[in-house]
2 protein chains.
Amino acid sequence: MDERTQPNDSAAETCYCPTSGVIDLLSRTYAIQTLCAVGTLQPVRYGELETAFGDVSSSTLSSRLGDLTEAGLLERNQYDEIPPRVEYRLSEDRTDLCELLTPVLDWAQQRETTD
Amino acid sequence: MDERTQPNDSAAETCYCPTSGVIDLLSRTYAIQTLCAVGTLQPVRYGELETAFGDVSSSTLSSRLGDLTEAGLLERNQYDEIPPRVEYRLSEDRTDLCELLTPVLDWAQQRETTD
DNA sequence: TATCAACACTGTCAAGTCCGAAGTATAGCA
DNA sequence: TGCTATACTTCGGACTTGACAGTGTTGATA
């Protein structure tokens with residue numbers, strides 16, 4: 001940490017930290033997208049996400065939703081109807097994460113179209 | 001898209017998009033951390049990243065750096081010395097991604113300490 | 001009466017990805 | 001001659017993912 005360029009000090013403290021639980025979670029397939037999609041479409045059902053993504057496998061989407069719910073980032077509400085209905089939405093206090101991630105997805109998509 | 005709560009329209013366009021190349025990349029182990037660590041410590045060497053993370057396997061770090069370099073997010077400079085020296089830094093125009101990701105890592109770390 | 005559709009998953013197996021440990025190449029130093 | 005330093009690569013096994021088929025319930029349709 002001497003003659004290196006450094007954006008700012010707070011970043012220096014956080015950036016190279018070891019894998020934390022949440023980042024581990026976000027590093028799985030479709031985790032980021034799922035989070036943002038739920039934030040945008042909420043309340044959203046399993047089938048809606050499946051068709052929105054188009055190419056997720058049902059097992060992956062299922063376990064991703066399970067992971068995120070278990071981690072407290074999503075809420076799952078099940079209604080006793082036939083056919084069954086399950087709705088997902090962001091947990092009350094996790095909306096902020098989605099707000100941080102959306103620009104990342106925006107960036108990625110913009111890059112996709114320009115490069 | 002009728003009575004659903006929607007944060008804003010631009011988010012609705014981007015959030016539930018299918019997996020794009022960049023997001024695919026970021027969804028691999030240590031990709032987000034590597035990007036942010038390079039942004040913070042640049043120019044940074046392989047060994048520095050390895051010790052900074054502490055628990056990455058060398059093979060994973062190696063392939064992650066390769067992925068990010070190949071995708072044009074990182075620059076790799078090799079010097080003909082013994083022992084060898086290789087330096088990584090963010091590509092000129094990719095600094096903005098790191099700026100978007102740092103808050104995500106901050107959020108994750110803060111959550112880690114409060115929960 | 002038999003079948004089908006709708007929905008939210010779960011189960012299974014093959015393929016891909018990741019980890020930890022050991023190995024590679026090179027030159028200076030003891 | 002062996003040790004050190006560096007930036008990787010290779011290998012076998014473990015874990016994750018994808019494709020596809022199946023589950024359970026009830027109302028609608030043939």
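The model shown is predicted, which means the values in this text are computed figures rather than measured ones. Residue numbering restarts at 1 for every chain, and letters A, B, ... go by the order of the sequence lines.
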**OP:** Return no unless some side-chain N or O of B:Arg76 is found under 4.0 Å from OP1 or OP2 of D:dC8.
**Re:** yes
Subject >> All stems with DNA chain C, defined as three or more consecutive Watson-Crick or G-U pairs under 3.5 Å >> reply: C:1-30 with D:1-30
Subject >> Side-chain donor/acceptor contact of A:Ser63 with base of D:dT17 under 3.5 Å >> reply: no
Original post:
Quick one: on DNA chain C, does A:Ser62 or B:Arg28 contact a more 5' nucleotide (nearest heavy atom)?
Top reply: A:Ser62
Subject >> C:dT10 phosphate, OP1 or OP2, under 4.0 Å from A:Ser59 side-chain N/O >> reply: no
Subject >> Between C1' of C:dC7 and CG of A:Asp80, the distance in whole Å >> reply: 14 Å
Subject >> Closest-nucleotide ordering on DNA chain C, the 5'-leading residue of A:Ile82 and A:Ser58 >> reply: A:Ile82
Original post:
D:dT16 phosphate, OP1 or OP2: any side-chain N/O from A:Tyr30 under 4.0 angstrom?
Top reply: no
Original post:
Given C:dC7, is OP1 or OP2 found less than 4.0 Å from the side-chain N or O atoms of A:Arg45?
Top reply: no
**OP:** Using a cut-off of 6.0 Å, state whether more than 12 heavy atoms not belonging to B:Glu81 lie near its atom CD.
**Re:** yes
Subject >> B:Tyr46 side-chain N/O to B:Ser58 backbone N/O, donor-acceptor pair under 3.5 Å >> reply: yes
Original post:
Would B:Leu41 and B:Glu48 satisfy side chain to side chain contact (heavy atoms under 4.5 Å, CB included), going step by step from the backbone distance to the final call?
Top reply: CA-CA 9 Å; B:Leu41 302 170; B:Glu48 290 178 292; 5.6 Å; no
Original post:
Does the base of C:dT17 carry an N or O that pairs as donor and acceptor with the side chain of B:Thr29 under 3.5 Å?
Top reply: no
**OP:** Rounded to the nearest angstrom, tell me the gap between atom CG in A:Leu68 and atom P in C:dC9.
**Re:** 13 Å
**OP:** Could you tell me whether the phosphate oxygens of D:dT17, OP1 or OP2, come under 4.0 Å of any side-chain nitrogen or oxygen in A:Arg64?
**Re:** yes
Original post:
Has the side chain of B:Arg45 got a donor or acceptor atom that lies under 3.5 Å from a matching backbone atom of B:Arg85?
Top reply: no
Subject >> Backbone N/O of A:Val86 and side chain of A:Arg76: donor-acceptor pair under 3.5 Å >> reply: no
Original post:
Is there a side-chain polar atom (N or O) of B:Arg85 under 4.0 Å from OP1 or OP2 of D:dA7?
Top reply: no
Original post:
With respect to the phosphate group of D:dC8, does any side-chain polar atom (N or O) of B:Tyr88 fall under 4.0 Å of OP1 or OP2?
Top reply: yes
Subject >> Interatomic distance where CZ belongs to B:Phe53 and P belongs to C:dC18 [whole Å] >> reply: 14 Å
Original post:
Could you state the CD-C1' distance from B:Gln78 to D:dT6, rounded to the nearest angstrom?
Top reply: 11 Å
